Amino acid sequence: AELVPERKTHVFEFALFPHTGSYREGGEYIKALEYNDPLLGRKATRSSKNFLPEEKSFVSCSENFVLTSFKAGGYPLASLKGKIPNISQRGFAVRGFEQNGVMARIAVKFGFDISAAHSCNLTEENLISLNFTKAAIRKEVGAHSIETVTIKSANASTPAANAALG
């Protein structure tokens with residue numbers, strides 16, 4: 001069979017980022033993420049039902065760890081049980097990776113108190129208990145390792161913790 005090239009117009013964007021030192025010292029990875037996936041803001045309308053403050057950080061982490069996901073924990077549809085538990089039962093999953101290619105000690109801090117923390121695989125199974133403080137976990141991670149941690153909120157009575165999520 002003969003290969004036929006696509007007869008389309010392709011557009012590529014790139015940026016040059018001058019810096020001193022290595023890519024680690026220059027923070028190139030973060031700059032590349034910021035360029036390729038810019039933060040998008042949305043204007044919200046005020047409602048008397050709002051329960052969140054105007055500013056809040058739900059999660060922050062060490063500079064050497066890139067946070068890629070903060071989501072409802074578990075994947076209940078995969079078990080085919082039919083009922084999706086609420087977020088206070090499922091907890092949250094946090095995923096990210098070490099970006100500098102070295103063993104590192106990372107810290108992930110939450111804007112709320114936590115009651116449990118577990119290290120797990122990418123499918124959020126094979127839970128291993130982690131030590132944690134009131135609102136943070138600290139963990140040794142391998143070079144370029146992808147890490148997934150599940151947590152439970154200590155205060156399950158908040159409206160967000162009882163929301164039905166898919």
Side-chain angles (χ1 to χ4, degrees), residues 15 17 19-47 49-75 85-166:
F17 176 65
H19 61 87
T20 58
S22 71
Y23 75 93
R24 291 180 181 124
E25 295 163 342
E28 283 189 26
Y29 193 86
I30 297 300
K31 292 296 182 190
L33 283 175
E34 291 169 351
Y35 179 78
N36 289 314
D37 296 313
L39 182 64
L40 301 175
R42 300 282 188 252
K43 183 174 181 175
T45 57
R46 285 206 173 265
S47 166
K49 296 178 184 177
N50 286 346
F51 60 89
L52 296 175
E54 288 188 24
E55 286 186 25
K56 175 90 175 156
S57 176
F58 289 101
V59 63
S60 63
C61 60
S62 307
E63 287 184 10
N64 57 344
F65 190 73
V66 177
L67 186 71
T68 58
S69 176
F70 178 66
K71 65 180 194 74
Y75 186 45
N86 67 28
I87 195 68
S88 63
Q89 295 166 319
R90 290 172 63 184
F92 297 98
V94 178
R95 183 170 297 127
F97 63 93
E98 190 286 320
Q99 68 171 334
N100 292 321
V102 295
M103 292 283 292
R105 181 153 178 82
I106 63 161
V108 181
K109 298 176 184 173
F110 303 97
F112 51 90
D113 293 346
I114 59 176
S115 63
H118 296 89
S119 183
C120 58
N121 62 18
L122 290 172
T123 56
E124 298 167 30
E125 299 169 326
N126 303 326
L127 303 178
I128 299 169
S129 291
L130 289 175
N131 291 329
F132 61 94
T133 62
K134 183 177 175 182
I137 58 169
R138 285 170 180 72
K139 184 178 191 300
E140 294 285 334
V141 299
H144 294 302
S145 67
I146 300 170
E147 300 291 331
T148 304
V149 173
T150 60
I151 59 164
K152 297 263 181 160
S153 172
N155 185 1
S157 65
T158 63
N162 290 315
L165 301 175

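Starting from 1, each residue takes its place in the sequence as its number. Everything quoted here is computed from the prediction, not taken from an experiment.
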So, Ser62 side chain and Asn64 main chain: donor-acceptor pair closer than 3.5 Å or not?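 Not at all, since once roles are kept as given, no pair shorter than 3.5 Å links the two residues.
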Between the side chain of Gln99 and the main-chain N/O of Glu63, is any donor-acceptor distance below 3.5 Å?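 A pair under 3.5 Å: yes.
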For [X], check side-chain contact (heavy atoms from CB on, under 4.5 Å) against everything at least two apart and list the hits.
{"X": "Thr123", "result": "Asn121, Glu125"}
{"X": "Thr20", "result": "none"}
{"X": "Cys61", "result": "Phe65, Leu67, Val108"}
{"X": "Thr148", "result": "Arg95, Cys120, Leu122, Glu124"}

Sorted by chain and residue number, the salt bridge (Lys or Arg N to Asp or Glu O under 4.0 Å) partners of Arg138 (sequence neighbours excluded) come out as none
All salt bridge (Lys or Arg N to Asp or Glu O under 4.0 Å) counterparts of Lys139, not counting sequence neighbours: Glu147
Without placing hydrogens or testing angles, list every side-chain donor-acceptor pair under 3.5 Å for residues 111-118, not counting sequence neighbours.
none

May I have all residue pairs that pass salt bridge (Lys or Arg N to Asp or Glu O under 4.0 Å) and include part of residues 97-110, sequence neighbours excluded?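 Every salt bridge (Lys or Arg N to Asp or Glu O under 4.0 Å) pair that includes a residue of residues 97-110, provided the two are not neighbours, is Arg105-Glu140.
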State the OG1-CG distance between Thr150 and Leu127, to the nearest 0.5 angstrom. 5.0 Å
Could you give the distance from OG1 (Thr68) to CD1 (Ile146), rounded to the nearest 0.5 Å? 8.0 Å
Within the 6.0 Å centroid threshold, strictly below: Phe132 and Phe110: no
Let me have the donor-acceptor pairs involving side chains of residues 30-40, under 3.5 Å, with sequence neighbours excluded, atom names and distances please.
residue: Tyr35; atom: OH; partner: Glu13; partner atom: OE1; Å: 3.4
residue: Asn36; atom: ND2; partner: Ala32; partner atom: O; Å: 3.1

Residues two or more places apart in sequence or in another chain: which of them pass ring-ring contact (aromatic ring centres under 6.0 Å, His included) with Tyr23? none
Contact summary for His144 and Gly101, nearest pair of heavy atoms: NE2-CA, 3.2 Å
